[in-house]
Amino acid sequence: MGKIALMVSREEMIYQAHNILQEKKYEIQEMKVVRTEDTVLEARQMIAGGATIIIARGLQASLIKQYTDIPVVEIVITAQEMGLLVTRAKQILRKPRPRIAVVGFKNMFSDMTYFDALYDIELRAWYASGGQSLHEVASAAVADGAELIIGGDTAVEAASAAGVPSLFLSTTEDSIRTAFSVAERMDFAMETEKRNAAQMETLLDYSTNGVMRLDGEGKILSSNPMMEQVTGKEEREVAGKLLWEVFPETEEEGLKRALDTGEENYSCFLRIGNGAFLADLAPIVVENRVEGAVFTCTRIKPVRRERERGGNGRDRREGAAAGDFRDLLQESAVMQECLRKAKLYSLSDSPVVLEGECGTEKLLLASCIHSNGVVSAGPFLRVDCGSLGEEEQLSLIFGENGAAARAEGGTLFLEGADRLGPAAQDSLCQLVGQHILRGGDGFRESRTDVRLILSSEESLAGLAREGRFSRELFFAVGGLSVRIPPLRERPEDLKEKISICLKAMCGKYSRYHVLTAGAWKVLSAYSWPGNLTQVENFMERLILTAGKRSIDEAMVRELLAELYPQMDGEVRLGDAVKGGRPDRQKLAVEMALETYRGNREQAAEALGISKATLWRWMKKYGLEQKISK
C-alpha cells in the first residue's frame with residue numbers, strides 16, 4: 001500500500017481527523033497543520049518521506065497540484081456543512097435576505113443552486129480562476145456589496161481588512177471522512193494499476209513480438225526490447241514521434257482512421273531490413289473514446305527453406321524481382337485498398353490472381369508481392385501466356401527445364417492467364433493442388449515448390465461462368481484475388497501520373513511546357529483505356545509535337561482524336577453495356593457528349609446506341625443541358 005498524508009491549515013481539522021480514525025482505521029500515515037505559505041515546501045517534504053497521496057483543501061490543494069505531481073484528494077464542503085455556515089451568517093447579520101458571499105475554489109464546494117430559496121438569502125459564489133488570487137476575489141466580493149464573507153484564511157483576512165464580517169469555512173467530520181474514503185480507494189486503484197503495469201512490463205520485456213504503446217494522436221510512448229531489435233532504434237530515439245514517421249511503409253490515412261474511429265484494427269505488411277513482419281494497430285477505446293493504441297510487429301517465418309543456390313551451383317536469384325510497393329501510384333483510396341490486400345496476400349504462399357485492364361500495374365504488383373513475400377529469396381520468372389500457342393505453353397511452362405521448374409523456391413508469374421489453353425490449365429491445377437509438375441509430354445511427373453501469381457485482363461470468375469476457363473482451376477487459385485482499378489477510377493493517381501510524365505518528358509527532351517486548365521480538364525476526363533502505358537506514350541508524343549510552351553485543350557483533344565479515334569467512348573460504353581456501375585454509365589455518356597460538343601446524333605453513334613437510348617440516359621443522369629442539336 002502507498003502512504004496517505006493529510007495537510008490542513010487549522011488545528012481543529014486535525015482533531016476531527018483523530019476522532020474519525022478512532023471510529024475506523026483508515027490508512028492515513030501522516031497528518032500535519034501547515035501554513036498556506038509553506039504548503040509547497042511541506043508537500044515536497046511529504047513526498048520525499050514516501051507520501052503517494054495528499055489530502056488537502058482549497059488553496060493548499062490547488063498549490064500542491066500546481067507545483068508537484070502527486071495525486072491530491074480535495075476536501076469538499078458538504079451541503080449540510082454549508083447550510084450550517086449560512087445559518088450562522090444569518091444569525092450574525094440579523095436582517096432579512098442578507099447578501100452573503102462564498103469565496104474559494106469551485107472544487108471546494110458542493111451544489112448550492114437552491115440555497116437562496118431554502119435559506120431566504122442572496123448568495124453569490126466567488127471562485128478564483130486563472131491567475132486570480134483569493135485575496136483579489138475576496139476584495140471583488142466586498143466591492144460587489146457582500147455583507148458577510150464565508151471562506152478560508154485568505155478570504156477572512158481580506159474581509160477583516162475591509163471591515164466586513166466573515167466566517168471561516170469550517171468543516172465537520174463528514175467532509176474529512178469522505179476525503180479519507182476517496183483517498184483509500186485511490187490508493188487501492190494505484191496499487192492495482194502498479195501491479196498490472198509491472199506484469200505487463202514483464203510480459204512485454206519477454207515477448208517475442210515487437211510492441212509499441214501509442215497515445216491517441218499516434219505518437220509513440222514506449223516500445224519493448226523486441227521492438228528495439230526490430231527497428232534498430234532505442235526507445236528514447238522514437239519516443240514522441242508519430243508512428244508513420246518511424247514506419248513510412250505504413251499507410252498514414254489508414255492508421256489515422258483507426259485512431260479516429262476506434263472501430264477496427266489496422267493491419268499491414270512491413271519489410272524491415274531482411275525481415276518480413278505483419279503489423280497490427282489495435283485502438284484502446286474507453287467509453288467510446290480512443291485513448292491510445294498498441295502497435296505490434298510479428299515476424300513472419302518463411303514457409304519454405306530459402307536456398308541461394310541449387311545443387312548444380314546455379315544462382316537461385318536468377319530472374320529476381322525488385323518490386324517495392326512504394327513505387328506504385330497510390331494517392332487514390334481505391335488503389336490504397338488494392339495495395340492493402342496485396343501486402344496481406346504477400347504473407348501467404350498460396351496463388352494470387354491480379355485482375356486489371358491492359359496498361360495497369362499487374363507486372364509491378366506481382367513483383368512487389370514476390371519481393372515482399374515469404375519466397376523473396378527465390379527467383380521470379382514471368383511467362384506471357386497470351387503470346388504462346390497451347391503446345392508452347394506446355395513446353396515453356398511445364399517442360400523439363402520450363403519456367404515452373406526454374407522458379408522452384410520462388411514465384412512463377414503467368415501473365416495473361418485467361419489465355420491459357422485447356423491442357424495448360426489442367427497441368428496448372430496439378431501444380432496448385434498437389435505441387436506436382438507434369439511434364440510437357442503429359443506423363444512425366446515431379447514434385448515442386450513454387451508460388452504462383454496469375455494476371456488477367458478479364459474476370460476469371462466471369463470466364464469460368466461462361467465455360468471459357470476451368471472451374472476447377474478458378475476455385476483453386478481465385479481465393480486471393482486483387483482487382484487493380486483502372487486510371488479512370490483513380491483521378492488522384494491519374495493526375496500524379498500525368499504530372500510525372502510531363503516533367504520526365506520535358507527533362508528528356510530539354511523542353512519546357514505547361515498544361516492549361518482546359519488541357520488538364522480534358523486529360524482528367526478521358527478514360528485512358530490503355531491506362532499507364534497509354535498515358536506515358538501519349539505524353540511523350542504530346543511534348544515532342546507541341547508547337548508552343550502552353551499546351552491547351554484544343555491540342556490535347558486533337559491528339560487524342562488522332563491517336564485513339566473512338567476508343568474512349570468504346571471503353572466507357574463497354575462498362576455500361578456490361579451492366580457496369582451507374583457512375584461509369586454516366587461517365588460514358590458525359591464523355592461522348594463532351595467529345596462531340598453536345599451533338600446527340602454523333603455521340604449516340606460513337607457509343608453504339610440509339611438516340612432514344614442516349615436521351616433516356618441523359619435524362620436519367622441530368623445531362624440534358626449538354627445538347628447542342
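Numbering of residues begins at 1 and proceeds along the displayed sequence. Note that this is a predicted model, so its numbers are computed, not measured.
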Is the shortest heavy-atom distance from the side chain of [X] to the side chain of [Y] under 4.5 Å?
X	Y	result
E540	C501	no
L532	V535	no
K619	R616	no
S499	W520	yes
F325	E249	no
L329	M335	no
M539	L502	yes
R488	E357	yes

Under 3.5 Å: donor-acceptor pair, side chain of [X], backbone of [Y]:
X	Y	answer
E235	S223	yes
D418	S456	no
Q393	C385	yes
Q534	G530	yes
Q425	S470	yes
W528	L523	yes
N224	G210	no
T545	R541	yes
E355	S481	no
S376	H370	no

Sort out for me which residue in I397, D384, V477 forms a side-chain contact (heavy atoms from CB on, under 4.5 Å) with L414. I397

Looking at L381, L412, V375, which one forms a side-chain contact (heavy atoms from CB on, under 4.5 Å) with V450?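 The option that passes is L412.
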
Is it true that R490 and E361 have a side-chain N and a carboxylate O under 4.0 angstrom from each other? yes

Mind running salt bridge (charged side-chain N to carboxylate O under 4.0 Å, His left out) on R382 and E415 for me, showing each step along the way? CA-CA 7 Å; R382 166 182 170 264; E415 194 170 24; 2.6 Å; yes

Taking the six-membered ring for Trp, are F413 and F380 parallel (under 30°), tilted (30 to 60°) or perpendicular (over 60°)?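 Answer is parallel, since the angle falls under 30°.
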
Quick check on R511: does its CZ atom have over 12 non-hydrogen neighbours (other residues, nucleotides or ligands) under 6.0 Å away? yes

Got a sec: does the CD of E472 have more than 12 other heavy atoms crowding it under 6.0 Å?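 Open: at most 12 neighbouring heavy atoms sit under 6.0 Å from CD of E472.
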
Can you name the closest pair of heavy atoms from [X] and [Y] and give their distance?
X	Y	answer
H513	K548	ND1-O, 3.0 Å
C297	M227	SG-CE, 3.9 Å
V334	P485	CG2-CG, 4.0 Å
L354	K362	CD1-O, 3.4 Å
E251	Q336	OE2-O, 3.6 Å
V352	Y345	CG2-CB, 4.1 Å

Assess the residue pair Y526 and V556 against the criterion (side-chain contact (heavy atoms from CB on, under 4.5 Å)); give the C-alpha distance rounded to whole Å, side-chain angles, the decisive distance to 0.1 Å, and a yes or no. CA-CA 10 Å; Y526 187 72; V556 173; over 6 Å; no

The test is salt bridge (charged side-chain N to carboxylate O under 4.0 Å, His left out); show your working for E245 and K233 and say whether it passes. CA-CA 13 Å; E245 293 177 353; K233 297 178 181 179; over 6 Å; no

Give, for atom CD1 of I284 and atom CZ of R213, the distance between the pair rounded to the nearest 0.5 Å.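 The CZ atom of R213 is 8.0 Å from CD1 of I284, to the nearest 0.5 Å.
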
N531 and K497: CA distance, side-chain angles, deciding distance, side-chain contact (heavy atoms from CB on, under 4.5 Å) verdict: CA-CA 10 Å; N531 294 285; K497 182 63 177 177; over 6 Å; no

Mind running side-chain contact (heavy atoms from CB on, under 4.5 Å) on L243 and L281 for me, showing each step along the way? CA-CA 10 Å; L243 181 66; L281 181 136; 3.7 Å; yes

Under the side-chain contact (heavy atoms from CB on, under 4.5 Å) criterion, do T411 and R451 qualify, and how do the steps go? CA-CA 5 Å; T411 299; R451 197 259 178 87; 4.0 Å; yes

Between E331 and K495, is a salt bridge (charged side-chain N to carboxylate O under 4.0 Å, His left out) present by the stated rule, with each step listed? CA-CA 10 Å; E331 296 296 322; K495 183 178 180 180; over 6 Å; no

